[in-house]
Amino acid sequence: TPTPQAPATTDGWHLVIDALKLNDIDTIFALPGIPITDFLRISQAEGMKVISFRHEQHAGNAAAAAGFLTQKPGICFTVSAPGFLNGLTALANATTNCFPMILVSGSSEREIVDLQQGDYEEMDQLAIAKPLCKAAFRVLHAEDIGVGIARAIRAAVSGRPGGVYLDLPAKLFAQTMDAAAGKKSLIKVVDPAPKQIPAQDAVQRAVNLLKHAKKPLIILGKGAAYAQADADIRALVEISGIPYLPMSMAKGLLPDNHSQSASAARSQVLAEADVVMLVGARLNWLLSHGKGKTWGAGSQKEPGQKKFIQVDISPTEADSNVAIDAPVVGDIGSCVAAIVAAMGPDWAKAPSDWTSAIADKREKNQAKMAETLAKNPVPMNFHSALNVIRNQVKARPDAIVVNEGANTLDFARSIVDMYEPRKRLDVGTWGIMGIGMGFAVAAAVVTGKPVIAIEGDSAFGFSGMECETICRYNLPVCVVVFNNNGIYKGTDVNPTGGKDAAPTVFVKDARYEMLMQAFGGHGVRATTPAELEAALTEAVKSGRPTLINAIIDETAGTESGRITSLNPNAKKK
Ligand SMILES: Cc1ncc(Cn2c(C)c(CCOP(=O)(O)OP(=O)(O)O)sc2=O)c(N)n1
Ligand SMILES: Nc1ncnc2c1ncn2[C@@H]1O[C@H](COP(=O)(O)OP(=O)(O)O)[C@@H](O)[C@H]1O
Ligand SMILES: [Mg+2]
C-alpha cells in the first residue's frame with residue numbers, strides 16, 4: 001500500500017511572495033544580504049521582477065517612485081540595521097511626498113534585541129522606523145504574514161498615501177506551516193484605497209467661492225498627479241476657464257503650453273488672485289506658506305483677504321498655514337468630479353480682464369525666455385543646454401524626466417515643458433538630493449518608457465554608482481550631468497590659499513561619462529548644444545544606457561538656485 005503523502009508545507013519565504021503576488025505586486029527593489037538573500041533568489045525563481053541596487057537608499061527611492069507612478073505600494077527589501085537605516089531616508093522621503101511604498105527589512109529576533117544581547121546587525125528597527133513613516137508592523141509567525149502584508153498595503157495607499165515599515169525577523173522566513181492553511185491565511189486586500197466622497201455642503205461652499213471670484217486661481221499639486229483623475233482635472237480647468245499653476249510634479253496634467261497655464265506668470269497670479277483653489281497641493285514652504293510678499297501682502301494690488309479652497313484627502317491639512325475658507329475633504333477624483341458637477345452646465349468662465357492680464361504677462365515672459373534660449377554661449381550655460389532637452393521632450397512627450405540639483409533643478413522646472421501627466425519626478429517636498437538614479441530605474445522598469453535624468457553634478461554624485469544597475473538591466477535611461485564643476489557653481493576658492501579645494505567645488509572637468517562606459521553603457525562628453533542634442537536624440541531612440549557629460553559654464557550658477565534666501569546670513573568678519 002502506498003505510503004500516505006505527508007501534507008504539503010509552505011514556508012515564510014513563499015508566504016511573503018504569495019501574499020505580494022496575490023495583491024498584484026510583481027516587482028521588488030532590493031539589496032541582498034543576510035537574511036534576505038535567499039528570499040530574493042526564490043522571488044526571482046517564482047517569477048517576481050527583482051531589481052538589485054548598489055545602495056539601499058536608491059532601492060527605496062525606486063520603490064517610492066514606483067508607488068507614485070502606479071498607485072500600488074512600491075516594495076523595497078533590505079538587510080537589517082545598516083541596510084534598514086540606508087532605506088529609512090527613502091521611507092521618510094516617500095512619507096513626506098505622500099508616495100506609497102513599503103520598506104521590508106530583515107531583523108534580529110525579539111528576544112535578543114529586547115535583551116540587547118548584541119546580535120549580528122542588531123537594532124530595534126520597528127521603534128526607529130515608527131516616527132518616520134505612516135505605519136509600522138512586525139510579523140513573528142508565518143500564519144500572520146498574510147495579515148502583515150495586507151495591513152502594510154492598505155496603510156500605504158489608503159487615505160493620504162505614504163511609507164510603511166514591515167519588520168520580518170530572520171527566523172520567520174524559515175518557519176514552515178501546512179500549505180493549505182498557509183494559502184488560507186493570505187489576504188487579497190479589497191479596495192485598498194477607497195474613494196472618499198466629499199460632503200455636498202463642502203462642495204457647494206467651494207463652488208460658491210469660485211462663482212463670485214474676480215481673480216480665481218487653481219494650484220495643482222503632486223497629489224493631483226498621483227490621483228490619476230486626469231480627465232476630471234482637465235474638465236475642472238477648462239470648464240471653469242480658471243488659470244492654473246502646476247507644482248513641479250503636477251506639470252503635464254495639462255500640457256505646459258496650455259492657454260490657461262499661469263506658470264510663466266506665477267508671481268502675478270499668486271500676488272493678485274482673490275480665490276485660490278489648492279488641488280492636492282500643500283501651502284508649505286514651496287508656496288511660501290500662503291502668506292507674505294509672494295502672496296501680495298502689502299502690495300497695492302493685494303485684493304484684501306484672499307480666500308482659499310483646499311481639495312485634499314487629509315482633513316487635517318486645512319488651516320496648517322493659513323485659514324482655509326472651503327475645505328473639500330476626499331479623494332481628488334471624487335472631489336473634482338463633484339465640484340465640476342456642482343458648477344453646472346452654464347458656468348460663467350473666469351473674468352476676461354483677469355485671464356487676459358495673465359495671458360499678456362505669460363506672453364511677455366515667454367518671449368523673454370525664448371530670447372535667452374536662442375543664445376548660444378560658449379561654454380554652454382544652463383539655458384542653452386536645457387533648451388536641447390526642452391526640444392527633445394517636446395518631440396518625445398512620452399519620455400519621463402527625472403530632475404535634481406539646484407540651478408539644474410530650478411531652470412529645468414521652468415524651461416523643460418511637460419505634456420503628459422506623471423512624466424516628471426523630482427526632489428519633491430523636501431528638496432532632497434539623491435533621488436536621481438533610483439527614480440530613473442523605477443520609471444524605466446515600471447513604464448518601459450525612455451527616461452531622461454537631468455542631474456546637477458553634485459546631485460548625480462549621491463547615486464551615480466547606480467549607473468551599474470542601469471547597465472545591468474539595460475534600462476532606457478539617459479543621464480545628462482550638468483557639469484559646472486561644483487555645487488551651485490565651480491568657482492569657489494579656499495580663502496586661506498591652502499591646497500584643500502573649497503567645500504563646494506569638484507575635480508575640474510570630471511569625466512562622468514567614463515562611469516557609464518565602465519559598465520558597458522554609452523558615454524559622451526558634450527561641449528555644445530549640437531553635441532548634446534545628437535547624443536540625447538540617439539540615446540532616446542536607441543534606449544541604450546547613456547551618460548552625457550554636459551560641460552556647463554562654471555560661473556553660470558547662483559548659490560542654492562531659487563532658494564538662496566533660505567541660507568542663514570553668514571556674518572562677514
Ligand atoms: C541629501 C541632501 N544633501 C544636501 C542637500 C543640499 N543641496 C545640495 C548639495 C545641492 C546640490 C547642488 O549642486 P548641483 O551640482 O547638483 O546643482 P547646480 O550646480 O546645477 O546648482 S542642492 C541642495 O539643496 C540636499 N538638498 N539634500
Ligand atoms: N488621491 C488623493 N486624493 C486627495 N488628496 C491627495 C491624494 N493623494 C495625495 N493627496 C494630497 O495631496 C497633497 C500633496 O501635496 P504636496 O506634496 O505639497 O504637493 P506639491 O508639492 O506638488 O504642492 C497632500 O496634502 C496629500 O494629502
Ligand atoms: Mg553643479
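Just follow the structure's listing: the first ligand is 1, and inside any ligand the first atom is 1. If you're wondering where the values come from, they're calculated on a predicted model, not measured in any experiment. The figures here come from the full heavy-atom set of this structure, side chains too, leaving out hydrogens, waters and symmetry mates.
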Query raised in the report: Is the Mg ion (ligand 3) under 2.8 Å from any N, O or S atom of Thr408?
Result: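 It does not: Thr408 brings no N, O or S atom closer than 2.8 Å to the Mg ion (ligand 3).
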Query raised in the report: Is Gly486 close enough that one of its N/O/S atoms sits under 2.8 Å from the Mg ion (ligand 3)?
Result: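 Gly486 does place an N, O or S atom closer than 2.8 Å to the Mg ion (ligand 3).
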Least distance between heavy atoms, [X] atom then [Y] atom:
X	Y	value
Gln517	Gly523	NE2-O, 3.1 Å
Ala262	Pro243	CB-CB, 4.3 Å
Gly438	Phe53	CA-CE2, 4.3 Å
Ala225	Leu253	N-CD1, 3.7 Å
Ala385	Met380	CB-SD, 4.0 Å

Between [X] and [Y], is any side-chain donor less than 3.5 angstrom from a side-chain acceptor?
X	Y	value
Ser334	Asp331	yes
Thr504	Asp492	yes
Glu531	Thr527	yes
Thr429	Thr96	no
Ser248	Asp426	yes
Asn483	Asn549	yes

**Report entry** For ligand 1, the portion of Asn407 having any non-hydrogen atom under 4.0 Å away
**Finding:** both
Suppose we measure from [atom] to each protein heavy atom; which comes out shortest, and what is that distance?
atom	value
atom 10 (N) of ligand 2	Gly223 CA, 3.9 Å
atom 3 (N) of ligand 2	Ile332 N, 3.0 Å
atom 15 (O) of ligand 1	Asp457 OD1, 2.6 Å
atom 20 (O) of ligand 1	Thr408 OG1, 2.6 Å
atom 9 (C) of ligand 1	Ser458 OG, 3.8 Å
atom 14 (C) of ligand 2	Gly280 O, 3.2 Å
atom 5 (N) of ligand 2	Ile313 N, 3.1 Å
atom 26 (N) of ligand 1	Gly431 O, 2.9 Å
atom 1 (N) of ligand 2	Ala227 CB, 3.9 Å

Query raised in the report: At a 4.0 Å cut-off, with the gap strictly under it, does some heavy atom of Pro161 reach an atom of ligand 2?
Result: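 Heavy atoms of Pro161 do come under 4.0 Å of ligand 2.
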**Report entry** Per-atom contacts of ligand 1 with Gly456, taking only distances under 4.0 Å to non-hydrogen atoms
**Finding:** 14 (P), 15 (O), 16 (O), 17 (O)
Query - Ligand-side contact atoms (ligand 1) for residue partner Ala406, heavy atom cut-off under 4.0 Å - result: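 That gives atoms 12 (C), 17 (O), 18 (P), 21 (O), 22 (S) of ligand 1.
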For ligand 2, note which part of [X] has a heavy atom under 4.0 Å away: side chain, backbone, both or neither.
X	result
Cys335	neither
Ile219	neither
Met247	side chain

Any N or O of [X] that comes nearer than 3.5 Å to an N or O of ligand 2?
X	value
Arg282	yes
Leu220	no
Lys222	yes
Arg160	yes
Glu317	no

Report summary line: Of all N, O or S atoms in Asp457, the one closest to the Mg ion (ligand 3) is OD1
Ligand-residue contact atoms, ligand 2 with [X], heavy atoms, under 4.0 Å:
X	answer
Tyr226	8 (N)
Asn284	18 (O)
Leu286	21 (O)

Does any N/O atom on [X] come nearer than 3.5 Å to any N/O atom on ligand 1?
X	answer
Glu404	no
Gly405	no
Phe382	no
Ala459	yes

Query raised in the report: Taking Gln310 for the side chain and Ala326 for the main chain, is one N or O donor matched with an acceptor at less than 3.5 Å?
Result: no
Query raised in the report: Is there a donor-acceptor pair under 3.5 Å between the side chain of Glu404 and the backbone N or O of Leu409?
Result: no
Query raised in the report: Does the side chain of Leu278 come within less than 4.5 Å of Val311's, by heavy atoms?
Result: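 Counting from C-beta outward, Val311 and Leu278 never come under 4.5 Å.
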Query raised in the report: Tell me, do Lys72 and Pro100 make a side-chain contact under 4.5 Å, heavy atoms counted?
Result: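 No, their side chains stay 4.5 Å or more apart.
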Salt-bridge criterion met for [X] and [Y] (N-O under 4.0 Å):
X	Y	value
Glu317	Arg282	no
Glu272	Lys215	yes
Arg525	Asp509	yes

Query - Selected option - heavy-atom contact closest to atom 22 (S) of ligand 1, from Lys489, Gln57, Met433 - result: Met433
Query raised in the report: Between Phe460 and Phe482, does the ring centroid distance fall short of 6.0 Å?
Result: no
Determine whether any heavy atom of [X] lies closer than 4.0 Å to an atom of ligand 1.
X	value
Phe462	yes
Tyr488	yes
Gly490	no

Query raised in the report: Is atom 6 (C) of ligand 1 less than 4.0 angstrom from at least one protein heavy atom?
Result: no
Requested in this report: Identify the residue among Ile389, Asn403, Val388 that makes a side-chain contact (heavy atoms from CB on, under 4.5 Å) with Val416.
Outcome: Ile389
